[in-house]
Amino acid sequence: MCGIVGYVGQKQAAPILLHGLGKLEYRGYDSAGLAVREGEEITVVKAKGRLAELSNKTADGQAVPGNCGIGHTRWATHGEPSEINAHPHVSDGNFVVGVHNGIIENYQELREKLLNHGYKFYSQTDTEVAVKLVDYYYKKYLGTPIDAINHAQVRIRGSYALALMFKDYPNEIYAARKDSPMIIGTTEDGSFLGSDVPAILNYTRNVYYVGDMEVARLTASDVTFFNLDGDQIEKEQKVIEWDAESAEKGGFEHFMMKEIHEQPKAVQDTLSAYLKDGHADLSAAELDTEILKNIERMYIVACGSAYHVGMVGKYVIESMADIPVEVDLASEFRYRDPKLVKNSIVIIISQSGETADSLAALRLAKKKGIPTLAIVNVVGSSIARDADHVMYTYAGPEISVATTKAYSAQLIAVDLIALAAAAAKEVISDEREAELVKALQALPEQIEKVIENKERLQWFTSKFANEKDAFFIGRGIDYAIGLEGSLKMKEISYIHSEAYAAGELKHGTISLIEEGTLVIGIMTQDALFEKTRSNMVEVKSRGAYLMALTENGHYSIEDTADFVVYIPKTEPYFAPSLAVIPLQLMGYYLSLARGLDVDKPRNLAKSVTVE
Ligand code: AGP
């Protein structure tokens, strides 16, 4: 996510802005910038790369005098990381200068509108559109900044936290938000704003949380709030209890738990980017119906959790779109001289977009003349730049080494690919497509519900903190879910675990089952429920301690399992999006119970950029 800061008061603004942006660095970014005004003169300085670049360009803020300014660290969503795409963005003549955190879903439509009114654009960002939309209404209605911002709020769809300065209004900052966070604090030295608590915690603990669609006007001496009608409203100040470290984690103990809780939004933002008028629309990845309907085979190549997404994708795409899918570990694919048929596509899944094996696999596919699609979470990453087609996930920066929200966003991406391909090949009816879209749209709220039951998982896993082995068993998509559950447990609690196709146990592994061995049976697929139950009975008769993970309604499993976790019912294809949540929480709580470093597990890196 981007970071926003603002200050207006008795002191020089630039050093305060740089300090605030430094406190937001943990959020992940690829460029930064600030705008400071002295009277009518507004100076904008931007820099690609680390914040130090911006500090150098502004002599740590000394070279940009003025006591009113806004600053920004950018996590690219629209338009690659570059100085031109960095914020702040300005309208002609600097009448309106602004920074933004969020995703404006209808920015293309708004851009067209503004182009038709003579506006020109210098960047690829949705933010420049938002700033110029405010400028448009400011000039059209000759009103106040509040009027202009409110007119723009009515037109914008998506999420935003905007901080704006108006040339005609010196020593004032205006802020508005919807779905993206924004807080404001006041001291005798002036007024501060930030997209998150750490940005202003050094100055004050007394803050206002800006409500959705509210507008704030900050001056050196006070802050005033307005509603969408432009009426002034009163707001209650809150006191922040967090220390600086917990503030970076949004009050959670670890980034992993914060990111687990961000999954509903990651899934929603990724769905919003590609669901248009009830259909999966991959035009942003330059994959249209013509291309999709001619694909006769898909190769999904990835590492780790991204590979597990590929395993889910195989089952979903083959069944929904009737296209054969092969899934490969990138480290194997790149050395096995794969035989890739024509009329196929190689899909590389990678959160970081920098994984060496996955990048090598992408380059091998291109060398073999096969079109490539990258599903990545980082705009402008190496894999994104090299792929023929790019489908971004909108999980935002993921800090914890163990992936959660990016994995969930990748699941949505493969679901959408399956849906778009099935529609292009006309292998699903309009009614079935509508049913599947409805089920996808229900997932964010359903994920929220699963997370709400996290304490029950904590109680259960605390009993297994000293476990030596655990087995995840399942059939079909449930087996693919088990792969991710097993990795989550291994990589952060260091407990050995294996995911096994339930039907495969009797071919050897069942000999490992002893009295009290923990076995997690994953049973989200109704068609395979009884088969997996039989496998669970087999291991129970050998002394296993059974946990079942299944959908609401399968209460009969309580006769077999010692502990049952229920998830809401959804389309079988999309069950991984719900079933993975308890498994992520199990890994988290086991790591916690064992006193381990949840966010930075031993021997692991967030992005494996070496072979
Ligand atoms: C998953 O929790 C791990 N962090 C790891 O397996 C990761 O998924 C893998 O290294 C792939 O990374 P990527 O998605 O950035 O390519």
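Both counts, for ligands and for their atoms, begin at 1 and track the order of listing.
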Non-hydrogen atom of Glu354 closer than 4.0 Å to ligand 1: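 Judged by the 4.0 Å heavy-atom criterion, Glu354 does not count as contacting ligand 1.
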Proximity flag Leu487 to ligand 1, non-hydrogen atoms under 4.0 Å: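 Contact check Leu487 vs ligand 1: positive.
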Can you tell me which residue and heavy atom of the protein come closest to [atom], and the distance to 0.1 Å?
atom	answer
atom 10 (O) of ligand 1	Val608 CG2, 4.1 Å
atom 3 (C) of ligand 1	Glu491 OE1, 3.5 Å
atom 15 (O) of ligand 1	Ser352 OG, 2.7 Å

Parallel, tilted or perpendicular, as decided by the 30° and 60° cut-offs, for the rings of Phe563 and Phe460: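 Parallel: the ring planes of Phe460 and Phe563 meet at under 30°.
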Parallel, tilted or perpendicular, as decided by the 30° and 60° cut-offs, for the rings of Tyr588 and His254: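 His254 vs Tyr588 ring planes: perpendicular.
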Could you tell me whether [X] and ligand 1 have an N or O pair separated by under 3.5 Å?
X	result
Ser350	yes
Thr355	yes
Ser358	no
Val401	yes

Element-labelled atoms of ligand 1 that are located less than 4.0 Å from some non-hydrogen atom of Ala402: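 By the 4.0 Å cutoff, the relevant atoms are 2 (O).
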Exam field: side chain Thr73 to backbone Tyr29, donor-acceptor pair closer than 3.5 Å: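 Here the side-chain-to-backbone pair does not exist.
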Asp288 vs Ser283 side-chain heavy atoms within contact, under 4.5 Å: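 Side chain of Asp288 against side chain of Ser283, heavy atoms only: no contact under 4.5 Å found.
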Proximity to ligand 1 by part of Leu604, non-hydrogen separation under 4.0 Å: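 Answer for Leu604: neither.
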Candidate with minimal heavy-atom separation from atom 1 (C) of ligand 1, of Ala302, Cys303, Ser305, Ala356: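 Checking each option, the heavy atom nearest atom 1 (C) of ligand 1 is found in Ser305.
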Option set Gln351, Met256, Lys488, criterion heavy-atom distance to atom 14 (O) of ligand 1, minimum: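 Closest candidate by heavy-atom distance is Gln351.
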Can you confirm whether more than 12 heavy atoms, excluding those of [X], are under 6.0 Å from its [atom1] atom?
X	atom1	answer
Lys48	NZ	no
Lys23	NZ	no
Glu296	CD	yes

Side chains of Gln410 and Thr393, donor plus acceptor under 3.5 Å: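 Per modelled atom types, Gln410 and Thr393 side chains form no pair under 3.5 Å.
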Given Ser381, Ser382, Ser607, the one that forms side chain to side chain donor-acceptor pair (under 3.5 Å) with Glu354: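 Exactly one pass, corresponding to Ser382.
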